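Each ligand, and each atom within it, is numbered from 1 in the order the structure gives. We're numbering straight along the sequence, starting at 1. Side chains are part of it too, since the values below use all heavy atoms of this structure and drop only hydrogens, waters and symmetry mates. These numbers were taken from a predicted model, which means no experiment stands behind them.
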Amino acid sequence: MSADAGLTAAADDDVVELCRDLIRIDSSNPTSNERAAAEAVAGWLSDAGLTPEIYESDPGRASTIARWPGEDPSRPALLIHGHLDVVPADAADWQVPPFSGEIRDDCLWGRGAVDMKDMDAMTLAVVRDWSRQGRRPPRDVVLAFVADEEAGGLHGAHHLVDRHPELFEGCTEAISEVGGFSITVGGRRLYAIETAEKGIAWLTLVARGRAGHGSMLNDDNAVTALAETVARVGNHRFPIELTPAVEQFLAAICEALEIPFDPDDVEGVLAKLGPIAKMVGATVRHTANPTMLTAGYKHNVIPQTATAYLDCRFLPGGEERFYASLRELVGPDVAIEVVHGDIAYETTFDGDLVDAMTAALLAEDPDGRAVPYCLSGGTDAKSFSLLGMRCFGFSPLRLPADLDFTGMFHGVDERVPLDALRFGTRVLSRFLALS
Ligand SMILES: [Zn+2]
């Protein structure tokens with residue numbers, strides 16, 4: 001390992017072992033809990049000379065927090081957060097048992113390998129290596145390994161932000177998941193740093209009609225009304241609106257492809273993107289996807305109500321416009337009810353922290369280029385942004401051009417190349433030194 005990254009050779013193996021050990025702790029949400037993972041992390045941080053504390057919202061729903069004192073405690077602090085939970089995995093679908101942490105084909109396999117025990121392990125590997133060397137970060141760093149991100153963070157980030165905001169005192173910036181990974185376009189590696197997230201609107205559509213016998217005439221059938229509305233919503237394409245992160249991302253893609261960027265032909269650019277288009281394509285407009293339906297209880301009874309479930313994601317700055325157009329699309333006869341919502345978020349791609357991320361990436365991959373992008377989903381960054389922090393997705397990984405990385409998230413055969421873990425650890429170490 002390069003000495004310039006400020007790490008000893010031990011970090012190379014350490015990051016792989018830490019990630020493997022974390023994968024072997026089944027922290028599936030909701031079937032398991034995070035306690036064992038939180039305790040393991042606390043143990044590793046204690047070994048590094050830190051004084052971690054474990055916080056629980058409910059029994060077992062544990063998060064580990066530690067403050068790593070910096071050289072200059074008068075400067076604002078940096079938050080590095082990662083979640084400990086993973087989505088469940090059905091072993092029958094996998095080539096390897098999902099909680100075995102097996103190494104095969106130079107990759108570490110298992111649930112959480114990219115989402116996001118990789119980043120947890122890279123962070124821990126840097127902390128441990130630096131403390132072995134007696135190094136401290138330039139400023140205070142708060143390390144937060146939290147529960148429940150995969151179910152919206154009520155038992156993790158939301159809980160900590162609401163009940164223990166003092167833990168994050170002085171933090172003005174944060175880094176975490178779903179950014180800093182490479183995408184190869186036109187033979188160039190672009191490192192996508194997340195600067196924005198779409199908002200979440202999980203809604204129901206409820207149609208009410210007249211109940212009655214299935215053999216008779218009924219011109220007020222809730223199932224028919226709902227079906228028409230769901231089809232309309234599901235087939236609707238909201239207009240394209242380019243937010244700053246998306247526009248900069250698409251422009252960088254075009255530059256890498258050596259084609260002019262035409263904001264009026266976004267679909268044309270998306271068509272050249274490969275597997276990542278299904279994510280990027282969702283960030284150029286609001287989306288509303290029907291996901292579940294319920295109605296009726298007997299074959300010959302027309303029910304009084306019928307309900308559809310929508311997973312909607314609105315653009316940063318577009319929440320009101322989204323709801324207004326959805327209401328118009330749905331019409332007056334079907335009710336829209338909000339089951340769960342969370343904010344959209346966007347920060348700018350500039351400033352010292354962005355410069356530090358860019359410099360750290362380029363030092364390890366001089367042919368790479370850092371670009372901002374908007375995540376179609378949501379992360380704990382939404383919660384921490386409420387404390388006034390600028391939040392970035394920066395979990396650096398240099399990936400093979402042919403790996404469908406976005407397909408790994410919550411997918412089967414989730415795995416991370418060992419080289420990518422080591423690369424990310426070096427980049428994080430460089431980044432920390434510059435931060
Ligand atoms: Zn995640």
Side-chain angles (χ1 to χ4, degrees), residues 18-19 22-23 25-34 37-38 41 61-64 79-89 98-99 101 108-124 143-161 174-181 192-200 202 276 278-279 282-283 311 313 340 342-345 373-385 391-397 399 403-416 420-421 424 428:
L18 286 162
C19 193
L22 281 170
I23 288 170
I25 301 171
D26 179 355
S27 53
S28 299
N29 188 356
T31 47
S32 212
N33 68 46
E34 298 86 355
V41 168
R61 307 312 305 272
S63 301
T64 300
L79 170 67
I80 304 180
H81 61 101
H83 61 83
L84 294 172
D85 61 325
V86 294
V87 293
F99 299 101
L108 176 60
W109 295 58
R111 177 57 86 219
V114 304
D115 185 11
M116 64 170 291
K117 290 177 169 173
D118 55 341
M119 176 61 174
D120 295 336
M122 295 189 309
T123 305
L124 288 162
L143 301 161
F145 299 87
V146 304
D148 200 33
E149 191 276 341
E150 296 294 359
L154 287 182
H155 292 290
H158 269 299
H159 171 77
L160 294 166
V161 163
I175 62 162
S176 187
E177 65 176 328
V178 211
F181 54 92
I193 295 175
E194 192 217 286
T195 55
E197 291 185 1
K198 289 178 87 180
I200 301 172
W202 289 351
I276 202 178
K278 62 181 178 285
M279 200 277 283
T283 65
D311 182 349
R313 311 291 177 130
H340 169 74
D342 208 338
I343 56 168
Y345 168 77
Y373 90 104
C374 174
L375 181 68
S376 61
T379 73
D380 285 336
K382 293 186 194 308
S383 298
F384 292 114
S385 75
C391 296
F392 298 90
F394 185 64
S395 301
L397 294 175
L399 299 168
L403 185 74
D404 176 11
F405 183 63
T406 48
M408 293 277 155
F409 284 77
H410 303 190
V412 296
D413 294 334
E414 185 177 344
R415 62 194 180 276
V416 64
L421 278 178
L428 273 187

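- At least one N/O/S atom of Asp115, whether from backbone or side chain, sits less than 2.8 Å from the Zn ion (ligand 1).
- The side chain to side chain contact (heavy atoms under 4.5 Å, CB included) check on Ala113 picks up Ile23, Glu414, Val416, with sequence neighbours excluded.
- Take Asp311 and apply the side chain to side chain contact (heavy atoms under 4.5 Å, CB included) test, not counting sequence neighbours, and it matches Trp202, Thr291, Arg313.
- Put simply, Glu150 stays out of reach of the Zn ion (ligand 1), with no N, O or S atom under 2.8 Å from it.
- Donor-acceptor pairing under 3.5 Å is recorded for the side chains of Glu150 and His410.
- Looking at Ser63 and His159, their side chains never come closer than 4.5 Å, going by heavy atoms from C-beta outward.
- The atom of Glu177 nearest to the Zn ion (ligand 1) is OE1, with the search restricted to N, O or S atoms.
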